[in-house]
K.L.:
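First the structure, then my questions, so here it is.
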Amino acid sequence: MNKNLIALAVAAATFSGAASAATVYSDDTSSLAIGGRVEARALLSENAKTQVSQDDYKTYNEYHQALVNQKTSNDVTDISRVRINIDAKTKIADGVQGIGFFEREFKADNSNDENRYMYAGVNSDKYGQIVYGKADGSLGMLTDFTDIMAYAGSVVGGSKLAVADRTTNNLSYVGTFNNLTFKANYVFDGAAYNNDGKKTDQSGFSTAAKYTVGDTGLALGVGYAQQKDQTAINDAVNQTSKQTFAVASYTVGDLYFGGLYKYGHRDATNLINGDLTDSQGYEFAAAYTMGKTVFTTTYGFMKDERNTSGAYDELANALSVDGTYYFNSNFRTYASYTFNMLDKNKVGKVAASDQVVLGARYDF
């Protein structure tokens with residue numbers, strides 16, 4: 001039971017409801033399953049009483065000062081959500097299936113509803129899976145090493161490039177060969193243009209490999225992503241960004257430990273002056289299972305590697321802890337707290353706010 005709960009905690013970032021999806025149709029060649037989750041979440045954090053927009057100020061320094069002086073209050077925000085997915089498969093040859101997957105997320109603020117996944121392709125039991133549509137990039141397999149919290153996300157892993165994350169116009173491959181899993185994806189130039197006729201999307205590729213070292217409990221991974229922003233930050237055109245990730249994890253008994261390191265080239269923005277910059281970050285995660293309760297914690301830090309202006313160089317600095325109680329495989333409750341250690345006198349109260357979240361989640 002304990003090892004199963006650890007596996008659930010570590011796999012928190014994978015497809016929602018995948019473990020409990022219900023097969024609603026099945027014959028000798030085809031199947032259709034429906035799954036998802038209903039998740040009630042209440043977030044207590046510092047919120048802006050008055051909105052500050054960078055467009056209202058002539059310089060970034062004026063905008064930054066307005067952020068620091070912004071009036072705020074502690075409020076509870078309803079961030080509840082529902083995810084529903086459809087997973088379809090049909091046999092097209094021995095050991096080969098045609099597949100399709102769709103997932104939609106509905107939020108308490110329905111203006112943020114989105115299609116999370118929408119892809120179809122071919123899966124081979126021997127050679128792996130290739131799909132096209134809105135699908136995962138390759139680096140998510142690595143950031144899952146530390147993205148294990150019930151609520152709080154990976155502050156370093158969450159900074160991965162768009163082409164390495166879940167995105168559209170994406171041709172993606174994944175294959176597992178014994179203890180080695182390999183992923184690669186390519187995101188094509190899109191058909192999005194601004195009023196000047198310039199492209200406004202991203203294109204590029206990412207690739208990653210993960211290796212499980214026998215039955216030792218040790219897993220290792222490495223990945224790389226490169227992206228061209230057609231109209232990038234500060235109106236730079238055809239800007240190329242790059243990222244390299246390295247990860248490791250170790251599982252022993254009821255304990256899980258994970259670590260992540262990232263180096264990025266022109267992939268981040270300084271929080272004070274808005275400069276496009278290189279970044280470097282690291283993150284550590286741990287999970288412990290005690291009966292039906294899983295305790296997790298993550299610490300992540302990321303900084304501006306090319307800060308030449310003397311501005312504040314921290315991009316992220318946070319410690320998160322939470323506890324999750326699994327009543328069974330379908331229903332859990334959790335409490336989460338994030339200690340945000342950014343300097344509020346530099347980035348403003350909202351960006352430096354701590355967060356408390358209480359949640360209840362039903363998977364189906």
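Nothing here was measured: the structure is a model prediction, and the numbers come from that model.
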K.L.:
Mark yes or no for whether T296, through its side chain, and G323, through its backbone, hold a donor-acceptor pair below 3.5 Å.
P.N.:
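Here the side-chain-to-backbone pair does not exist.
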
K.L.:
Between R332 and Y334, is NZ or CZ placed under 6.0 angstrom from the six-membered ring centre and within 45° of the ring axis?
P.N.:
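Geometry flag: not set, cation outside 6.0 Å or 45°.
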
K.L.:
Would you please indicate yes or no on a ring centroid separation below 6.0 angstrom for Y325 and F327?
P.N.:
yes

K.L.:
With distance as the sole criterion, is a donor-acceptor pair present between the side chains of E305 and Q280 under 3.5 Å?
P.N.:
yes

K.L.:
Look at the side chain of D27 and the backbone N and O of S30, then say whether any donor-acceptor pair between them is shorter than 3.5 Å.
P.N.:
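Yes; judged by distance alone, with no hydrogens or angles, the pair exists.
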
K.L.:
Between the main-chain N or O of N307 and the side-chain N or O of D313, is there a donor-acceptor pair closer than 3.5 Å?
P.N.:
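Between the backbone of N307 and the side chain of D313 there is no qualifying donor-acceptor contact (under 3.5 Å).
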
K.L.:
Between N270 and N273, is there a donor-acceptor pair closer than 3.5 Å when you use the side chain of the first and the backbone of the second?
P.N.:
yes

K.L.:
Minimum heavy-atom separation for D267 to Q243, with atom names?
P.N.:
OD2-NE2, 2.8 Å

K.L.:
Distance-only, no hydrogens or angles: does the D87 side chain make a donor-acceptor pair with backbone N or O of A33 under 3.5 Å?
P.N.:
no

K.L.:
Could you tell me whether the side chains of D136 and Y117 share a donor-acceptor contact shorter than 3.5 Å?
P.N.:
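Side chains of D136 and Y117: pair found under 3.5 Å.
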
K.L.:
Determine whether the side chains of S320 and T338 contain a donor N or O and an acceptor N or O closer than 3.5 Å.
P.N.:
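Checked: S320/T338 side chains pair up, N/O donor to acceptor below 3.5 Å.
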
K.L.:
With Y119 as reference, evaluate Y132, Y173, F101 under the ring-ring contact (aromatic ring centres under 6.0 Å, His included) test and give the passing residue.
P.N.:
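Exactly one pass, corresponding to F101.
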
K.L.:
Within the side chain of N330, is there an N or O that forms a donor-acceptor pair under 3.5 Å with the backbone of D363?
P.N.:
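Flag set: sc N330 to bb D363 pair under 3.5 Å.
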
K.L.:
Can you name the nearest heavy-atom pair linking V156 to E283, along with the distance?
P.N.:
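What the structure gives for the nearest pair is N-OE2, 3.5 Å.
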
K.L.:
Work out which heavy atom in V347 is nearest to a heavy atom in A352; give both atom names and the distance.
P.N.:
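Taking every non-hydrogen atom into account, CG2-CB, 3.9 Å.
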
K.L.:
Do N170 and S172 have side-chain N/O donor and acceptor atoms under 3.5 Å apart?
P.N.:
no

K.L.:
If we ignore angles and hydrogens, is there a donor and acceptor under 3.5 Å between the side chains of T277 and D275?
P.N.:
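T277 vs D275: no donor-acceptor pair found between side chains.
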
K.L.:
Given 3.5 Å as the limit, does a donor-acceptor pair link the side chain of D113 with the main chain of K107, or not?
P.N.:
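Checked: pair present.
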
K.L.:
For a ring-ring contact (aromatic ring centres under 6.0 Å, His included) with Y282, tell me which candidate from F245, F301, Y263, F145 qualifies.
P.N.:
F301

K.L.:
Please give me the minimum heavy-atom distance between R41 and D78, naming the atom from each residue.
P.N.:
O-OD1, 3.5 Å

K.L.:
On a heavy-atom basis, which atom in A287 and which in I148 lie closest, and how many Å separate them?
P.N.:
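Smallest interatomic distance, heavy atoms only, reads CB-CD1, 4.0 Å.
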
